Structure formats: C-alpha cells, structure tokens
Asker: 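Provided herewith is a single structure, encoded as structure tokens, for subsequent inquiry.
These values consider heavy atoms only, across backbone and side chains, with no hydrogens, waters or symmetry-generated copies. Note that this is a predicted model, so its numbers are computed, not measured. Proteins get letters first, then strands, A, B, ... in listed order; numbering begins at 1 in each.
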2 protein chains.
Amino acid sequence: MTLSNPLPRRASLHEQTYQTLRTSILSGELAPGDRLVETQLATQLEVSRTPIREALRQLQREGLVAVDTSGGLRVISVSVSDAVHLYDCRIALEQAAVREACLHASDRTLDDLQQSIAQSERAVQRAASTLNTFEMLNLDYQFHRKIAESTGNPWLTDLLDQVFDKMMLLRVQTTRHNPRVLDICREHRQICETIATRDAATAIAAIESHLNASKVRVVTALEALQPSSSTDV
Amino acid sequence: MTLSNPLPRRASLHEQTYQTLRTSILSGELAPGDRLVETQLATQLEVSRTPIREALRQLQREGLVAVDTSGGLRVISVSVSDAVHLYDCRIALEQAAVREACLHASDRTLDDLQQSIAQSERAVQRAASTLNTFEMLNLDYQFHRKIAESTGNPWLTDLLDQVFDKMMLLRVQTTRHNPRVLDICREHRQICETIATRDAATAIAAIESHLNASKVRVVTALEALQPSSSTDV
DNA sequence: GAAGCGTATACTGTATACAATAGACCCTCT
DNA sequence: AGAGGGTCTATTGTATACAGTATACGCTTC
C-alpha cells in the first residue's frame, strides 16, 4: 500500500502573515500612506513580531511598502507619473506575452482562456451590484495573468504580477465607480480571439490598443483626483 | 548657525547582510544549488540569525533563492529554458527602455552614457587580464541599466534589475572564458549612438539585435555545459 | 499662546531561548 | 550487505527580552 499524497503542510505564520498583509494592501484596507507598525500588526494578527517583520521585508522588496524618513514602513502611494510608467512596463511585457502566447499556447490553454472569460461574464452579470472593486480588478488581472502563464515563461509572469500589484493599488486609489465592466470583457474576448489566430502582429496591436485605452482612462481618473498633480506634470 | 548635513546613518545589520549575501550569490561565491544555512551564515558573518533571516526573505522574494523540498533555502539554478525566458523578458523591457530613452533622455544623460562607455573601454584595456567575470558583467549591465535610468521610469529600472540579477547568475554559471569584451563595447557604443539620433525604431532594432546575439551566445554556452539539457529541450 | 525642554512611552533593530522538524549516524535484524 | 528503527544533533519557526531611537505629552518660560 502506498500513499499517493504527502500530508498537507500547514503554511508558516510568516507566510500566512505575508498573504494577509498583501491582501489588505491590495484591497485598500491598508491604504496608501498608512504607516505599518509592527507591534500593532502583531497584536491585531495575534502573532509575535517575527512573522510580521519577515512578511514586511518581503513586501518591502516587492515595492508595496517603503521605508519613510524615520525608518518606519508605509504603504506606497502611486502617483500619476507612476501610473504612466507602470503602463509603459505593462505594455512592453504584455506585448511580449501575447506574442509568445501566439507561438506557444496550447489549444487546451486557449480553450481555458475562453472559458474563463465566459465565467467572468457570467459572474459579472450575476453579481454586478455586489462585486467590490478588488474582486472586479482581480477578474481583470486574472485574464491577463492567464495569458502570461500560457507563454510558459515563469519570469514573465512574475514580473507582470509585480506590475499588476502596483496597478491594483493604483486602481483601488482611483476607483469610486465600477470600471466599464462589459466593455472590458468584450476587449478580453477580442484579444483572446486574436491570440487564437496565432497572428502575433494582430495580437500585439490588440493588447497595445486595450492597454493604451486603459492607460488613458486611469491616468485621467488619477489627474481628476489630484488637480495639483496635473499641473505639475 | 545651521548645520547643513544630518549625521550619517549607519546601515542596519539586516541591510549590510542583505548586500553581502546578494553580492556573494551574484559573484558565484555562493553557487547555484548551494544550501543557505542560517546558523552557519550567522557564524560566518558574526551576527545573530535575525538579520540573516530578514535578508534571506528579501532575496527569496527577489527570486535569487528558493525553498527546497525540506524547507531549506538554496541559491537558484538557472536552466537553458530559464535563459531563453529571461532574454525574452529582457528584450521586451529593453526595447521599451530604448524607445523611452529616445523620447526622454536629456542630452546631458546621453553624454554621461557615452562617457561611461569610454570609461568601460579604458578599464577593460587597462586591466583586461585582472578583471574578473563579475566585474566585467557588472560593466555590461551598468551600461544597460543607465539606459533604463535615462527613461525616468523607476519601475522599469527595478524590473530590469531583477532580470539582470538572474542573468548575472546565469553568466557566472556559464562563463569560463571572458565574454567578447571589445565587441560588446562596440555594440554598446552603437546602441548609444542610435538613441542619440532619437530614432526609436532604429534604436529598438539595435537593442534587439544586440540582445538576440547575446541570447544565442549564452544559450549555446549553457547547452554546451549541459548536454542532457539540450536533448530535453 | 508659542517655543523649548525633559520625561515617559512606543517603536525598531537585534540577540537569544524554546519547541518542532529534519538530517545524520549508529545499532540490530534478516 | 542491506534495510529498518532509534537516538542524537543540527536547523528552522517563532516568541521574547534588551538596547537604542523616535514620538507624544506635560511643564515651564517668555
């Protein structure tokens, strides 16, 4: 008799703490600019400071938190120019992603991609009034992430994850109304179809158009929030 | 009487430890596959385990070390397919970098870039027999990094830094002979000149050509080291 | 009221202790 | 000789203690 599955490993406290803090930041519960105080977090999460410190070091390296002038850590704040810069990075990486997806994605993967768009559409129609911003942004990024994954390039996926995290922060900072949900699903479907044709040039043009439109929308929203920033830019 | 400079802040042990470990990994002193044992590192660096753990968490998030099946940390090992994938990411990001550099780099910055190429050439000619691999790769990556910096996009620079680190690891793994040093400086000069013309399409073509040549060289070298990998790919 | 100083408290950086787990080594049995 | 079990040692995960630094608050002086 052989046992086919090893016993499940319980996630370490440090790992659980990391996930909790990361989700809290990306959902906006810990807001940009908030100071992260080890002793308070340790009390709230009912762990010692050790897993807090270790999780914060990882979040620091990810760029989601940064040291302030007094040595304390704060959630980063994403400015208009950050938004532009992040979109530039994103466009570069996602163009590479769709090009590689045209070359390497299996038919099975493309089917999965189509399925997940359909699921997103159904989820959005069923729950349009109850999905919060975090959840809807997650649907958006999950689509893009699946394309990256379909390239078989884990480094590309990891780099894009970092960009998506910061854009999540940005979008949480800006979104007081729902993104144009059905439009986005339609654009996703269009991108997926161009990938399925295996025509890299068309797919690249489609993703670029999609992201440039998104860039304009987000940057405009950010500038509307911060009139003084727009005059500085 | 006012004092114009604050007192210098000494780097924390955690920060010093991080830099030491990172340099040891990138120089090959801690080799790919080596296990990183907290207690031993703490003894060697004469600090407690705390700054070791914190530094290792950051290196883990950077992807330079990874957890093995038993929960211990090891320096990652970069395979042929990793090499290909990293070059794909690099090409995408560096094409964006040269395009933005054509748009945004100040004339002052371009002069600085030319100067640093000249310095590299002088350093290489003066010390061709004594510069080690790490130092020479550093000169190479410094050039590329300066282009990224000239875009004014800190996120792009950070993403590229991550890619460069892993390629440093890869190159340390493969380099038993000097890279073609003078050829690289000539290619760098050529890239810099195309950026100075502010012609993005030409600059993009130049960086792509440069990186594709490098990709072929490095992948070939890796495959030569690992004959079994080439049959698997 | 505002500014400056002193004190108390809170926070951060680091070392150390304890418990759980992994790995090495030795002994016994087949 | 090889396999299995037990014990010892080393390592990792986590909590706690201590020292240095930052911040808040209260009091005094102008």
Asker: Around atom CD of Q19(B), are there more than 12 heavy atoms of other residues, nucleotides or ligands at under 6.0 Å?
Answerer: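 Counting other residues, nucleotides and ligands, CD of Q19(B) exceeds 12 neighbours.
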
Asker: Starting at atom CD of E15(A), determine the distance to atom P of dT12(D), rounded to an integer number of angstrom.
Answerer: 17 Å

Asker: Can you check whether T39(A) has a side-chain N or O nearer than 4.0 Å to OP1 or OP2 of dC11(C)?
Answerer: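 So the side chain of T39(A) is within the cut-off, an N or O lying under 4.0 Å from OP1 or OP2 of dC11(C).
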
Asker: Round to the nearest Å and state the distance from Q44(A) atom CD to dC11(C) atom P.
Answerer: 11 Å

Asker: Quick one: does H85(B)'s side chain get under 4.5 Å of L156(A)'s, heavy atoms only?
Answerer: no

Asker: On DNA chain D, nearest-nucleotide positions of T50(A) versus L36(B): which is more 5'?
Answerer: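 Closest to the 5' end, via its nearest nucleotide, is L36(B).
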
Asker: Rounded to whole angstrom units, what separation is found between the CZ atom of R49(B) and the P atom of dA10(D)?
Answerer: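 Rounding to the nearest Å, CZ of R49(B) and P of dA10(D) are 14 Å apart.
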
Asker: Rounded to the Å, how far apart are R57(A) CZ and dT14(D) P?
Answerer: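 In whole Å, dT14(D) P and R57(A) CZ are 17 Å from each other.
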
Asker: As a test of reading the structure: which of dT12(C), dA15(C), dT14(D) is closest to the side chain of V47(B), going by heavy atoms?
Answerer: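 When the side chain of V47(B) is considered, dA15(C) is the closest of dT12(C), dA15(C), dT14(D).
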
Asker: Which whole-number value in Å describes the distance from R10(B) CZ to dT21(D) C1'?
Answerer: 12 Å

Asker: Applying side chain to side chain donor-acceptor pair (under 3.5 Å), name anything that partners E62(B), two or more places apart in sequence or on another chain.
Answerer: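 Per chain and number, E62(B) pairs via side chain to side chain donor-acceptor pair (under 3.5 Å) with R61(A), Y18(B).
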
Asker: Nearest whole angstrom, please: distance from the C1' of dT9(C) to the CD of Q40(A).
Answerer: 13 Å

Asker: Can you tell me which nucleotide in dT14(D), dT12(C), dT16(C) comes closest to the side chain of S48(B)?
Answerer: dT16(C)

Asker: Rounded to the nearest 0.5 Å, what's the gap from CD1 on I207(A) to CD on Q95(A)? Could you check?
Answerer: 8.5 Å

Asker: dT14(D) P sits how many Å from Y18(A) OH, rounded?
Answerer: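 These atoms are roughly 16 Å apart.
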
Asker: Which of residues 60-75 of chain B have a heavy atom under 4.0 Å from DNA chain C?
Answerer: S70(B)

Asker: Near K146(A) NZ, under 6.0 Å, is it more than 12 heavy atoms from other residues, nucleotides or ligands?
Answerer: no

Asker: Name the residue from L169(A), D165(A), T20(A) that meets the side-chain contact (heavy atoms from CB on, under 4.5 Å) definition with I25(A).
Answerer: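 In the set L169(A), D165(A), T20(A), the residue that makes a side-chain contact (heavy atoms from CB on, under 4.5 Å) with I25(A) is L169(A).
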
Asker: Look at the aromatic rings of F143(A) and H188(A) and report parallel, tilted or perpendicular, splitting at 30° and 60°.
Answerer: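 Correct class here is parallel.
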
Asker: Phosphate oxygens OP1/OP2 of dT12(C): is one of them under 4.0 Å from a side-chain N or O of R35(A)?
Answerer: yes

Asker: Would you please confirm or rule out a distance under 4.0 Å between OP1 or OP2 of dG13(C) and any side-chain N or O of R53(B)?
Answerer: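 It does not, given that no N or O in the side chain of R53(B) lies less than 4.0 Å from OP1 or OP2 of dG13(C).
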
Asker: Once you round it to whole Å, what is the distance between P of dG13(D) and CG of L56(B)?
Answerer: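 So the CG-P distance, L56(B) to dG13(D), works out to 10 Å.
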
